[in-house]
Structure formats: structure tokens, C-alpha cells
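Chain letters run A, B, ... following the sequence lines, proteins first and then strands; every chain starts at 1. Quantities reported herein were computed from a predicted structural model and do not represent experimental measurements.
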Protein chains: 2
Amino acid sequence: MTDPDTVPEPAPETLPDSAETSDRFAQARTAQSVALLEDYVELIGDLIAEHGEARITDLAQRMGVTHPTVTKAVARLRREGLVISRPYRGVFLTDSGAAMADKVRARHRTVVSLLVALGVPPETAELDAEGMEHHVSEVTLQAFEAYLARQG
Amino acid sequence: MTDPDTVPEPAPETLPDSAETSDRFAQARTAQSVALLEDYVELIGDLIAEHGEARITDLAQRMGVTHPTVTKAVARLRREGLVISRPYRGVFLTDSGAAMADKVRARHRTVVSLLVALGVPPETAELDAEGMEHHVSEVTLQAFEAYLARQG
DNA sequence: CAAGTAGTGTAGCCTTGGCTACATTCCGCG
DNA sequence: CGCGGAATGTAGCCAAGGCTACACTACTTG
Ligand SMILES: [Mn+2]
Ligand SMILES: [Mn+2]
Ligand SMILES: [Mn+2]
Ligand SMILES: [Mn+2]
């Protein structure tokens, strides 16, 4: 490891073009791995606002999956510190979960608004935004907001 | 199945609000399941254009994954009829694979162009587009193109 | 032409996110 | 109060998409 004979990283001035490319794909993969968590916390927040609690069955219905799938997802959300839950009781957001829900909900609205502003029909905008939103970086989000602001 | 006693779909006028919601998530899941295939065929097309062939190692490097991961992906691409390949030979696109590659490449460029037109820095646009593109429907894509056209 | 290295294949492991089937708990109502 | 159905938990299956370790093939090059 510390052998001075080993070439110590030539520090290439011109990065091979595949380096940036692979970073791009890596970033998309990372975004995908948090996408489901984001959708769940947003939905849990919505259900709590509507009904005071988020039940497994309601989550399953709204997500369009079966209840064991939700149970597994909730286990992961717990591990990530985004929710708390006790058996046969509902699911509730932690502070960090609530913070994520707020950010995700705002971003969702911005993405939908942008698409609509560009002439996409509202139903289509809603459908596309549900997937796109998770790949919209902070910088891009601000560009969206700036555009919406100067449109009025 | 053909029993006339069974209620033949009440055809609810007002769909329950969770039905549309679950469809939205279902669509996002479907888009995600084809995202990787799309990125692979686009990349395979690029490599063939550059080097006359797409090798497993080059794909692995550009995707930022290891070569067994690529081998598995290629097996799925074969199953889906998008590529042909023989052991120790490169990977090549079928007609339908080439058609998908063309569509995906054009869509990728449109999404990047739109982001840049909205003021997103090119590097960020490239990063975000890599994930977003797979959730951009035909309708939304045309809205993007229309916007770019009237911008000039 | 024969090594040796680079490329490829294969086996087997893990996590995520789906599912079905079955067991258990909870709760509202008779 | 207690019972039955709805909600929840749990077990176990599958496919996809990552990985490492190891085996084998092919190509370059001395
Ligand atoms: Mn979403
Ligand atoms: Mn959303
Ligand atoms: Mn992509
Ligand atoms: Mn792309």
C-alpha cells in the first residue's frame, strides 16, 4: 500500500470520458434507491394530515401494492430513521421524516407546475412528475422555480 | 366467469381518489423497470458507432459497474429481443434494439436541451437528465420540443 | 508458437421490492 | 362479553441488479 514503487496516481489532466459517464449513471442509481422512501414519507405525511394516522392498509391502497410490501418498506423506513411504528399501530414520521416529506411535497408541486407551464396536460404532468421528481437536483429545482416566477 | 349473477363491474362514475394515485405510482414503477434497458441500448449503440462493437468491459466501465453485472444485463436484453451476442464476442443491437436506442438518444438530448434552456448548468443538466428521461412521456417530450422550438 | 494478460463466463452471495398464503391481533357490534 | 371480519404480521417465493471469487478463452507479443 505504502510502497513508493507503486505509481501514485498519475492524476490525469484529461479524465477519460467514461469516468463522467459512469458518475452520471451512478447518480441516477442513487436517486432511484431513495425514490421509494421519498414517495412513502410524502404519502405518510398526507395520510396523517387527512386522517391523523397512516395505516398499513391505506398505504398499500394508495401505493397500489399489497400490504406485506408496505410492511417491508416501513421496516426500511424505520431503519433509515424516517418513521416510527409499533405493531398494529399506525406509522408516524420522525422529525427527519417530516422534513423529507415537506421537501418532497414541495418539489413534487414544483415539477408538476413546471410541466403544466410548458403545456403538458395536468393528468400527464402528474403521472410524469411522480417519476421525474426524484431525479431533479436542487440546482435544477431552483431553475424551475425561477422560470415559474418569471412566467407568473 | 360467465355467471350472470356476478355483479358485472359497477362502472363507478367517480373513481376513488386512491385509484388514480396508485396508477401514478404503478406507472413510475413500470418506467423504472425499463430505464436500465434503455440506458444499455443507448450505450451499446454509442459504442458500436465509436468502435464498431460493444464489449462487455467497455459497457462495464461506462456504466460504472462490474463485468458480471453487465453480463446479467445483457442476458436480460437478449431475452427482451433487444440485442444479440455470442460468447466472447461483442454485443449487437437487433432492429428493435436499434430503434429503441435512437428514440432514447433523441429523448435524452431533448431533455438535456430543455434543462439548459431553463438555465440549468450543462453538467447538472446531464446528470439530472440521465434519471429524468425515463419518466418523460411522449406527450411531455413533445411539449419540451415545442418549447425549445419557440425559444430558438 | 507459447506465454501471459486481458477479457469473458459462471457460481454464489446480498438487498430491494414485488407477490401469495397463512397466522395472529384488534375492534366494533350484536 | 365475546365473536367475526378487517387489519396486521410473518414466512417464503421470485426477479432484478448489485457484488466478489474463481475458471476459462482469446489475443498480443516476445
Ligand atoms: Mn414520486
Ligand atoms: Mn411525488
Ligand atoms: Mn438514463
Ligand atoms: Mn440517457
Handout entry: Rounded distance [0.5 Å steps], CG in B/L82 versus CD1 in B/I44
Key = 8.5 Å
Fill in the blank from the handout: Rounded to whole Å, CD of B/E53 lies from C1' of C/dT8 at a distance of 13 Å
Exercise for the section: Figure out the CG/P separation between B/D39 and D/dG18, and round it to whole Å. Expected result: 10 Å
Practice task
Inspect the contact between B/D46 and B/R105 and indicate whether a charged nitrogen and a carboxylate oxygen are less than 4.0 angstrom apart.
Solution key: yes
Problem - Phosphate contact (D/dT8 OP1 or OP2) by A/T71 side-chain N/O below 4.0 Å - result: no
Practice task
Answer yes or no: does a side-chain N or O of B/R55 lie under 4.0 Å from OP1 or OP2 of C/dT8?
Solution key: yes
Handout entry: B/R107 bridged to B/E38 by N-O distance under 4.0 Å
Key = yes
Practice task
State whether A/T57 places a side-chain N or O below 4.0 Å from either non-bridging phosphate oxygen (OP1 or OP2) of D/dA6.
Solution key: no
Problem - N-O pairing of B/E133 and B/R109 below 4.0 Å - result: no
Exercise for the section: Quickly work out the B/R62 CZ to C/dG7 P distance and round it to whole Å. Expected result: 15 Å
Exercise for the section: List the steps and the verdict of side-chain hydrogen bond (donor to acceptor under 3.5 Å, both in side chains) for A/Q61 and A/H67. Expected result: CA-CA 8 Å; A/Q61 187 175 358; A/H67 85 264; over 6 Å; no
Output a table of nitrogen or oxygen pairs between the protein and nucleotides 16-20 of chain C separated by less than 3.5 Å.
| from | atom 1 | to | atom 2 | distance (Å) |
| --- | --- | --- | --- | --- |
| C/dG17 | OP1 | A/R76 | NH1 | 3.0 |
| C/dG17 | OP2 | A/R76 | NH1 | 2.6 |
| C/dG18 | O6 | A/K72 | NZ | 2.5 |
| C/dC19 | OP2 | A/T66 | N | 2.9 |
| C/dC19 | OP2 | A/T66 | OG1 | 2.9 |
| C/dC19 | OP2 | A/T69 | OG1 | 2.9 |

Problem - A/R86 CZ - D/dT8 P separation (whole Å) - result: 14 Å
Completion exercise
From CD1 of B/I56 across to C1' of D/dT25 the rounded distance in Å is 14 Å
Exercise for the section: Verify the neighbour count for atom CZ of A/R150: are there more than 12 heavy atoms of other residues, nucleotides or ligands below 6.0 Å? Expected result: yes
